[in-house]
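The structure under discussion appears below in the form of structure tokens.
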Amino acid sequence: MAVKSLSIRIDQDMLHKLHVVADYEGRSANSQILILIRDCIERYEARHGTIELEKR
């Protein structure tokens with residue numbers, strides 16, 4: 001699986017809070033964001049079924 005980069009715009013206060021949460025969890029901000037995305041996808045799939053991946 002290829003690893004892709006993604007840029008996001010985030011205000012300074014929210015970024016600071018993300019770093020506080022990530023530090024508390026013993027993670028980097030990047031790892032914390034990946035976990036949040038994973039959890040969001042898992043909740044979606046639990047409600048709506050597995051998301052089928054497109055072959056590219």
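In this text, all values refer to a predicted model and were calculated from it rather than measured experimentally.
- Both Leu15 and Ile33 are assigned to one and the same hydrophobic cluster, defined by single-linkage of ILVMFWY side chains at heavy-atom distances under 4.5 Å.
- Sequence neighbours left out, the pairs with a member in residues 15-25 that pass salt bridge (Lys or Arg N to Asp or Glu O under 4.0 Å) are Glu25-Arg27.
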Which atom pairs, donor and acceptor, lie under 3.5 Å between side-chain atoms of residues 45-53 and protein residues at least two apart or in another chain?
unit_1 : atom_1 : unit_2 : atom_2 : d
Glu45  : OE2    : Ile51  : N      : 2.9

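- Cluster annotation: Met14 and Leu18 are assigned to the same hydrophobic cluster (Ile/Leu/Val/Met/Phe/Trp/Tyr, side-chain heavy-atom contacts under 4.5 Å, transitive).
- Residues passing the salt bridge (charged side-chain N to carboxylate O under 4.0 Å, His left out) test with Arg43: none are found, sequence neighbours excluded.
- Scored by the side-chain contact (heavy atoms from CB on, under 4.5 Å) test, Gln12 finds no partners at all (sequence neighbours excluded).
- Every residue meeting the side-chain contact (heavy atoms from CB on, under 4.5 Å) condition with Asn30, not counting sequence neighbours, appears here in chain and number order: Ser28, Leu34.
- The salt bridge (Lys or Arg N to Asp or Glu O under 4.0 Å) pairs that include a residue from residues 1-12 number zero, where partners must be two or more places apart or lie in different chains.
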